[in-house]
Amino acid sequence: MTRVLVVTAVAAERDAVVAGVAADGGVAADGATAAGGGAEIVALPAGGYALHRVRTAAPPAHERAGAVLDVLAAGVGPAAAAAGTATALTAGICAGAGYDLVISAGIGGGFAPGPDADGPGAAVGSAVVADAIVAADLGAETPDGFLPVTELGFGTVVHTPPPALVRALAAATGAACGTVLTASTVTGSAEHAARLAARHPRALVEAMEGFGVAEAAAAQGLPVLEIRTVSNPVGPRDRAAWRIGKALGALSAACAALPRVLTAAGAPTSWRTP
Ligand SMILES: O=C(O)c1cccc(C(=O)CC[C@H]2O[C@@H](n3cnc4c(=O)[nH]cnc43)[C@H](O)[C@@H]2O)c1
């Protein structure tokens with residue numbers, strides 16, 4: 001039985017993920033039909049966290065092909081995401097039910113296509129699967145511009161999801177593949193958006209949790225994915241331009257593909273990067 005931890009920032013994203021997985025015939029771990037919102041609620045022993053547990057339907061006599069997806073709303077920002085992810089992963093190990101994969105899922109801001117970009121950028125309502133999860137503001141401002149911590153001799157700023165899983169999830173959802181940036185501050189100007197796009201020419205989405213989730217997954221040797229649906233353009237702050245409902249609907253639709261992708265993806269051991 002494959003066990004997947006899906007981490008969102010807020011409850012609305014969590015519920016969108018559960019609704020999507022349940023729409024594919026998932027059932028709550030207690031047997032109730034998750035489609036009725038019946039996901040089993042599992043309280044973690046620390047931190048006041050609650051997992052919403054959905055078991056994907058396995059073909060008869062192929063119980064092992066099924067998956068259990070635990071969906072956690074860990075809070076906004078990389079620190080909250082890392083803390084919640086680490087707590088849930090450790091609780092799983094202590095319960096003798098460790099996870100095989102971690103997914104950061106939620107809404108995000110979409111970058112416009114660059115001046116010479118051959119891609120469409122990431123339009124509001126579209127889905128993006130990260131082939132690189134990048135910390136956009138982990139480093140130092142200098143008179144010559146931003147230096148990532150790796151240039152300062154520390155740590156890492158990139159986590160790379162398993163390419164085969166990225167391709168499979170993108171193909172199943174119609175999502176674009178590219179860099180998803182993690183920032184601690186939402187971009188609020190065209191100038192900063194342009195700086196980020198110049199620094200990260202493959203960036204399609206800006207969000208606030210993926211790198212925190214990825215760091216917690218990497219600390220326990222687990223593969224990570226990030227899937228985002230676009231709620232707003234990255235650039236000048238314009239709350240009237242946010243389309244959160246549309247993005248949440250797209251998130252449910254994208255997550256409906258997860259059971260099929262996970263079932264077809266082979267043994268979880270094949271997902272770990274060497
Ligand atoms: O600018 C504002 O006034 C504002 C109002 C409501 C929410 C915010 C957020 O920062 C939401 C952050 C939350 O949603 C994700 N998200 C969505 N769009 C973006 C974005 O353009 N850049 C970064 N994060 C975004 C993020 O992952 C958080 O979970 C702001």
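We use all heavy atoms of the structure for the numbers below, so side chains are in, but hydrogens, waters and symmetry mates are not. In listed order, ligands and their atoms are each counted from 1.
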Inset, instruction - Could you check Leu181 against Thr179 for side chain to side chain contact (heavy atoms under 4.5 Å, CB included), going step by step and ending with a plain yes or no? - result: CA-CA 6 Å; Leu181 300 180; Thr179 295; 3.7 Å; yes
Inset, instruction - Please test Leu72 against Asp70 for side chain to side chain contact (heavy atoms under 4.5 Å, CB included), starting from the C-alpha separation and ending with a verdict. - result: CA-CA 7 Å; Leu72 170 70; Asp70 285 341; over 6 Å; no
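For the residues Gly75, Ala9, Gly109, Ala136, the heavy atom positioned nearest atom 19 (C) of ligand 1 is part of Gly109.
Of all protein heavy atoms, the one lying nearest to atom 25 (C) of ligand 1 is Glu206 O, 3.8 Å. Atom 6 (C) of ligand 1 has its closest protein heavy atom at Arg239 NH2, 3.8 Å. Looking from atom 13 (C) of ligand 1 to the surrounding protein, the closest heavy atom is Met208 SD, 4.3 Å. Summary of contacts: the protein heavy atom closest to atom 21 (O) of ligand 1 is Asn232 ND2, 2.9 Å. Summary of contacts: the protein heavy atom closest to atom 14 (O) of ligand 1 is Ile107 CG1, 3.9 Å. Summary of contacts: the protein heavy atom closest to atom 28 (C) of ligand 1 is Glu209 OE2, 3.4 Å. When only non-hydrogen protein atoms are considered, atom 10 (O) of ligand 1 lies nearest to Val186 CG2, 2.7 Å. Given atom 11 (C) of ligand 1, the protein heavy atom at minimum distance is Trp242 CH2, 3.8 Å.
Counting only N and O atoms by type, the side chains of Thr56 and Arg260 include no donor and acceptor under 3.5 Å apart.
Near Ser231, with a cut-off below 4.0 Å to any heavy atom, the atoms of ligand 1 are 17 (C), 18 (N). Near Arg237, with a cut-off below 4.0 Å to any heavy atom, the atoms of ligand 1 are 1 (O), 2 (C), 3 (O).
Contact detail for Leu251 and Ala16: the closest heavy-atom pair is CD2-CB, 4.2 Å. Taking both residues in full, the closest heavy atoms of Gly109 and Val230 are given as C-CG1, 4.2 Å, listed atom of the first, atom of the second, then distance.
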With a 3.5 Å cut-off and sequence neighbours excluded, list the donor-acceptor pairs that the side chains of residues 128-137 form with protein atoms.
unit_1, atom_1, unit_2, atom_2, d
Asp131, OD1, Arg202, NH1, 3.0
Asp131, OD2, Arg202, NH2, 2.6
Asp137, OD2, Ser184, N, 2.8

Can you list, pair by pair, the side-chain donor-acceptor contacts under 3.5 Å of residues 82-95, counting residues two or more places apart and other chains?
unit_1, atom_1, unit_2, atom_2, d
Thr85, OG1, Ala81, O, 2.7
Thr87, OG1, Ala83, O, 2.8
Thr90, OG1, Ala86, O, 2.8
Thr90, OG1, Gln220, NE2, 3.2

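With a 4.0 Å heavy-atom cut-off, ligand 1 is reached by no atom of Thr187. Residue-level proximity to ligand 1 for Arg228 is carried by the side chain, the only part with a heavy atom below 4.0 angstrom.
The shell of residues lying under 4.0 angstrom from ligand 1, judged by heavy atoms, excludes Gly106.
Salt-bridge check for Arg3 with Asp100: failed, with every basic side-chain N at 4.0 Å or more from each acidic carboxylate O.
In this structure, the side chain of Ser231 does not engage the main chain of Ile244 through any donor-acceptor pair within 3.5 Å.
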